[in-house]
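Report on the structure given below.
In the text below, chain A, chain B and the rest are named by the order of the sequence lines, each starting its count at 1.
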Protein chains: 2
Amino acid sequence: MSDPTPGLTPEQLGAYFALMEVSSLLQYAVDEHLRADGDLSWVQFQILARLTDAPGGKLRMTDLADGVVYSRSGLTYQAGLLDKRGLITRSPSPDDERSVLVTVTDAGRDLVAQVMPGHVESVRRLLFEPMAGRDLATLGAVLGRVREHMRANPPRSAKPRAGRARNA
Amino acid sequence: MSDPTPGLTPEQLGAYFALMEVSSLLQYAVDEHLRADGDLSWVQFQILARLTDAPGGKLRMTDLADGVVYSRSGLTYQAGLLDKRGLITRSPSPDDERSVLVTVTDAGRDLVAQVMPGHVESVRRLLFEPMAGRDLATLGAVLGRVREHMRANPPRSAKPRAGRARNA
DNA sequence: TATTGTTATACTCTATAACTATA
DNA sequence: TATAGTTATAGAGTATAACAATA
């Protein structure tokens, strides 16, 4: 980090570490709130939030896996937990009998609504409070571009099927 | 996310999600490389890198816990693994008999050196390739400021002692 | 009493591979 | 044959609390 960093300028290195630390601290804080306010992990919250946002509150497992989890069995596990708690429902898709349609229940929507204010407030306080309007615009633009770049350039060892469904 | 987001503008929400996804993808990719090139996890790499960077290659467990891990037992666990592999050494501190001084071994330094090029190259390719010089400057500055803000504002439920040593 | 660190334990989450069923 | 999903299993990592030792 002092010297053995050929290929990255000190400025880049600093930005890299700052990014990793900020996201780590943010996720930790947010996770804590979700846990306390609704007994939800970050992954579970994301699943519920995506469903809440989807038309009809329904998504296929595959669509859901996309971006939330890095393996299918991981999603099955999390969906199992949410199902047990009555926050989602799973049923075979009419279109494709192989697919499973996941649907948020009313209880699921209620829980999201219950947890959202505190969640959002954490993010606002920790991430955006110290940020000027101009900074926000740049940050959003840059990170958006980086995200697209990363999605288009999956790690060389991207698994053909078990990998993050993002690559599918 | 469509509506239930009082307190965050759509722009903020977008930046928030982009940040989380970018850091998640980056960490995943980087972790994969570290694992493949040196059988190291991200946490283990951070420990070794910090030691490599420290004067004399030595740090106390407490200093090391700071920022790397969220519990002391977690650090003990990771240090145990690195110790077993001969990458670090642990010995009682002369100054304070309670403390343990962790030292990188030559093998540890070698491993860091071996892993660093690929690591840095991943980061460069994924994170900085799509980034303009001006973007980098802003990103670094903003994230640096956010990091300071977060360090100064630990989550309300910061544990008195078990918490991330950062708060100690 | 407070701090440093370890240990025991329990638990969560993840990933791999094998398997079923449908397209 | 390829895709969607589940299951079994095994392993990595984490957190809590209890503990010992030093300041």
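- Atom CG of A/Asp83 and atom P of D/dT7 are 11 Å apart (whole Å).
- A donor-acceptor pair under 3.5 Å is formed between the side chain of A/Thr105 and the backbone N or O of A/Gly86.
- Taking atom NZ on A/Lys84 and atom P on C/dC13, their separation rounds to 11 Å, with Å as the unit.
- Using a 4.0 Å cut-off between charged side-chain N and carboxylate O, B/Arg145 and A/Asp135 make a salt bridge.
- As a whole-Å value, the separation of A/Gln27 CD from D/dG13 P is 17 Å.
- Looking only at side-chain heavy atoms (C-beta outward), A/Val43 and A/Tyr77 stay at 4.5 Å or farther from each other.
- In this structure, A/Gln78 reaches the C/dT14 phosphate: one of its side-chain N or O atoms is under 4.0 Å from OP1 or OP2.
- Backbone-only engagement by A/Ser99 is indicated by non-hydrogen atom pairs under 4.0 Å involving sugar-phosphate atoms exclusively.
- With distances taken from any side-chain atom of B/Ser71 to the nucleotides C/dT6, C/dA15, D/dA15, the minimum falls on D/dA15.
- Nucleotide C/dC13 holds its P atom 14 Å from the CD atom of A/Gln46, rounded to whole Å.
- Backbone-only contact: A/Ser41 has heavy atoms under 4.0 Å from sugar-phosphate atoms and none from a base.
- Nucleotide D/dG5 holds its P atom 8 Å from the CG atom of A/Asp96, rounded to whole Å.
- Ranking C/dC13, D/dG5, C/dT6 by closeness to the A/Val100 side chain, first place goes to D/dG5.
- Residues B/Leu81 and B/Arg85 have side chains not in contact (no heavy-atom distance under 4.5 Å, counting atoms from C-beta outward).
- Taking 3.5 Å as the limit, the base of D/dA15 and the side chain of B/Ser73 contain a donor-acceptor pair of atoms between them.
- When only modelled atom types and interatomic distance are considered, A/Tyr70 and B/Ser24 share a side-chain donor-acceptor pair under 3.5 Å.
- Following rounding to the nearest Å, A/Leu75 (CG) and C/dT12 (P) show an atom-to-atom distance of 18 Å.
- Side-chain nitrogen and oxygen atoms of A/Arg90 include at least one within less than 4.0 Å of the OP1 or OP2 phosphate oxygen of D/dT6.
- Side-chain atoms of B/Arg60 lie closest to C/dT4 of the nucleotides C/dT4, D/dG13, D/dA4.
- One finds a side-chain N or O of B/Arg72 lying less than 4.0 angstrom from the OP1 or OP2 phosphate oxygen of C/dT4.
- Between A/Arg35 atom CZ and C/dC11 atom C1' the separation is 11 Å, expressed in whole Å.
- The interatomic distance linking B/Leu40 (CG) with D/dG13 (P) rounds to 10 Å, in whole Å.
- Residue A/Gly74 is the one, among A/Gly74 and A/Arg98, whose nearest nucleotide of DNA chain C lies closer to the 5' end (criterion: closest heavy atom).
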